[in-house]
Amino acid sequence: METLSAKPGTRNESAIPKPPKKRKQGFWKSVVQQKYLYLMSLPFVIWLFVFNYLPIWGWTMAFQNYKPAKSFTDQKWVGFKNFVELFQDERFYLVLRNTLAMSLMGLVVGFIVPIAFAVFLNELRGKYFKRTVQTVSYLPHFVSWVVVAGIITKMLSRDGGVVNDILLSLNIINEPIQFMAEGKWFWGIVTVSDMWKETGWNAIIYLAAITGIDKELYEAARVDGAGRFRQIWNITLPGIRTTISVLLIMSIGHLIGIGFEKQFQLSNSLVTDYSEVLDLYALNYGINIGRFSYGTAISMFTSVVSIILLLLANGIMKKTTKESIM
């Protein structure tokens, strides 16, 4: 019988079994193993493709003099003519100013206020009172902008408006102010209206993130003598930093594409120079007067700038905070 011999201080590597090599799992094998998950996600993938990617084919209209009565092959191609006309239009820069002003104001207010509100709700001790406040706060999200615009207009009315009545009773003003007829008030009205409507709804995701923080951290902080504000600053806010970073990146991506519902409902002919945004501009100068190619160029500009802003925000956040969405 042979014995394994080795010099002192050395190991006989042949006597040590090597672990088996793990084979890489193929994509199709993973699909077969998790076929039910893929089948469940299939309707959403189809929905995403049909409504988000398939319409990109329509961007070709921006490079045509599109006529609805003609087929695709019969359309006249004009190159970048619509974009040149867009960037030479003075109205475009006025509309771009309004869009950036309202979107930046909405980003600051609509980002900070929900975080503060979520932290405030988390600090409430009364269980039923906390649920009541949370329920009441996100109910306005389900109210149509048509109804909200009617409420805001009535509250800011010169005749019998609640806001003017309060200001007059406090002797802050001597005569009622026509809030809805002066352009300088419009951006603030839109921002405050959107804050009232969406704060409770936007705070839900922050509340969900806060509930995931380990409760033992708060107990340890209280033992060390930390007050409630110190716990918020050192535990709550760092605990939801990832959620804050992701939502901030996504909000910056939508900075220029803010929609037009609230501006359309709250606007009137007296404040058009302050209320018209890019989406309304595309609707008024593209669809309503039949300039489909021009309207497509406006929408294409909005989408491309939104993608660029999203990538820039993601890159900056990834370098500074190590948080990103891609």
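These numbers were taken from a predicted model, which means no experiment stands behind them.
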Judged by modelled atom types alone, do Thr60 and Tyr66 share a side-chain donor-acceptor pair under 3.5 Å?
-> no

> Are the side chain of Tyr93 and the backbone of Phe87 linked by a donor-acceptor contact shorter than 3.5 Å?
Replying inline: yes

| message | Counting C-beta onward and ignoring hydrogens, is there a side-chain heavy-atom pair between Trp187 and Asn98 closer than 4.5 Å? | response | yes

Does Asn122 use its side chain to pair, donor to acceptor, with the backbone of Leu207 at less than 3.5 Å?
no

Are any non-hydrogen side-chain atoms of Phe111 and Ile244 less than 4.5 angstrom apart? yes

Hey, is the main chain of Phe264 close enough, under 3.5 Å, to the side chain of Ser267 for a donor-acceptor pair? no

When you measure from the side chain of Thr191 to the backbone of Met105, do you find a donor-acceptor pair of N or O atoms at a distance under 3.5 Å? no

Taken to the nearest 0.5 Å, the spacing of Asp279 CG from Gln263 CD works out to 8.5 Å

Checklist entry - Are Leu42 and Tyr38 side-chain neighbours, meaning at least one heavy-atom pair lies under 4.5 Å? => result no

Rounding to 0.5 Å, atoms CG (Leu311) and CD1 (Ile249) come to a distance of 10.5 Å

Exercise. Considering residues, nucleotides and ligands other than Ile205, do more than 12 of their heavy atoms fall under 6.0 Å from its CD1?
Worked result: no

So CZ of Arg222 and CZ of Arg230: to nearest 0.5 Å the spacing works out to 16.0 Å

Are any side-chain N or O atoms of Gln231 and backbone N or O atoms of Thr236, one a donor and one an acceptor, separated by less than 3.5 Å? no

CE of Met300 to CG of Leu86, rounded to nearest 0.5 Å, is 11.5 Å

| request: May I ask you to decide if Ala226's main-chain N or O and Asp224's side chain share a donor-acceptor pair within less than 3.5 Å? | output: no

task = Apply side chain to side chain contact (heavy atoms under 4.5 Å, CB included) to the pair Trp185 and Val271, showing each step before the final yes or no.
result = CA-CA 9 Å; Trp185 297 105; Val271 295; over 6 Å; no

Would you say that Met180 contacts Ile189 through its side chain, given a criterion of any heavy-atom pair below 4.5 Å between the two side chains?
yes

message: Whether the side chain of Ser293 engages the backbone of Gln64 through a donor-acceptor N/O pair (distance < 3.5 Å, no angle test) should be reported.
response: yes

request  = Answer yes or no on whether Arg97 is positioned over the face of Tyr274, meaning its NZ or CZ is under 6.0 Å from the six-membered ring centre and within 45° of the axis.
outcome  = yes

Only one of Ile112, Val113, Leu107 passes side-chain contact (heavy atoms from CB on, under 4.5 Å) with Val109, and that residue is Val113

For Thr302 and Gly257 the tightest heavy-atom approach is CG2-CA, 3.9 Å

Rounded to the nearest 0.5 Å, the OG atom of Ser306 sits from the CD1 atom of Ile252 at a distance of 12.0 Å

Would you say Trp145 has more than 12 foreign heavy atoms packed within less than 6.0 Å of its CH2?
-> yes

- Query: Below 4.5 Å, heavy atoms only, C-beta onward: do Lys29 and Val32 meet side chain to side chain?
  - Reply: no

Problem - Short N-O contact, Glu85 and Arg291, less than 4.0 angstrom - result: yes

Next on the checklist: Within the supplied structure, the quantity of interest is the number of heavy atoms (other residues, nucleotides, ligands) at a distance under 6.0 Å from Asn174 CG; does it exceed 12?
Outcome noted: no

Between Tyr206 and Phe117, is the ring centroid distance below 6.0 Å? no

Is the shortest side-chain heavy-atom distance between Phe142 and Trp201 below 4.5 Å? yes

Going through the checks in order, is the side chain to side chain contact (heavy atoms under 4.5 Å, CB included) test met by Tyr138 and Asn202?
CA-CA 8 Å; Tyr138 69 67; Asn202 293 334; over 6 Å; no

Exercise. Going through the distances and angles, do Trp233 and Leu237 end up as a side chain to side chain contact (heavy atoms under 4.5 Å, CB included)?
Worked result: CA-CA 6 Å; Trp233 184 258; Leu237 293 179; 3.9 Å; yes

Problem set entry | Gln265 side chain near Val148 side chain, heavy-atom distance below 4.5 Å | no

field: Main-chain N/O of Thr153 paired with Ser157 side-chain donor or acceptor, under 3.5 Å
entry: no

Query raised in the report: Has Trp28 got more than 12 heavy atoms of other residues, nucleotides or ligands less than 6.0 Å from its CH2?
Result: no

Exercise. I would like to know whether Tyr281 and Phe260 meet ring-ring contact (aromatic ring centres under 6.0 Å, His included); could you show each step before the answer?
Key: CA-CA 9 Å; Tyr281 182 62; Phe260 66 90; over 10 Å; no

### Query
Is it the case that more than 12 heavy atoms not belonging to Lys318 sit under 6.0 Å from its NZ atom?
no

Could you check whether any side-chain N or O of Asn164 sits under 3.5 Å from a backbone N or O of Ile177, counting only pairs where one atom can act as donor and the other as acceptor?
yes

d(Asn284 CG, Ile289 CD1) to nearest 0.5 Å is 8.5 Å

Q. Got more than 12 heavy atoms from elsewhere within 6.0 Å of NZ, Lys76?
A. no

>> Do Leu167 and Glu175 have side chains that approach each other closer than 4.5 Å (heavy atoms only, starting at C-beta)?
In response: no

Between Ser103 and the options Val108, Leu255, Leu278, the side-chain contact (heavy atoms from CB on, under 4.5 Å) test singles out Leu255

Is it true that atom NZ of Lys35 has more than 12 heavy atoms of other residues, nucleotides or ligands lying nearer than 6.0 Å?
yes

task = Please work out whether the ring planes of Trp57 and Phe72 are parallel, tilted or perpendicular, with thresholds of 30° and 60°.
result = tilted

Is the backbone of Arg158 close enough, under 3.5 Å, to the side chain of Gln178 for a donor and an acceptor to pair up by distance? no

So with a 6.0 Å cut-off around CE of Met195, is the heavy-atom count from everything else above 12?
yes

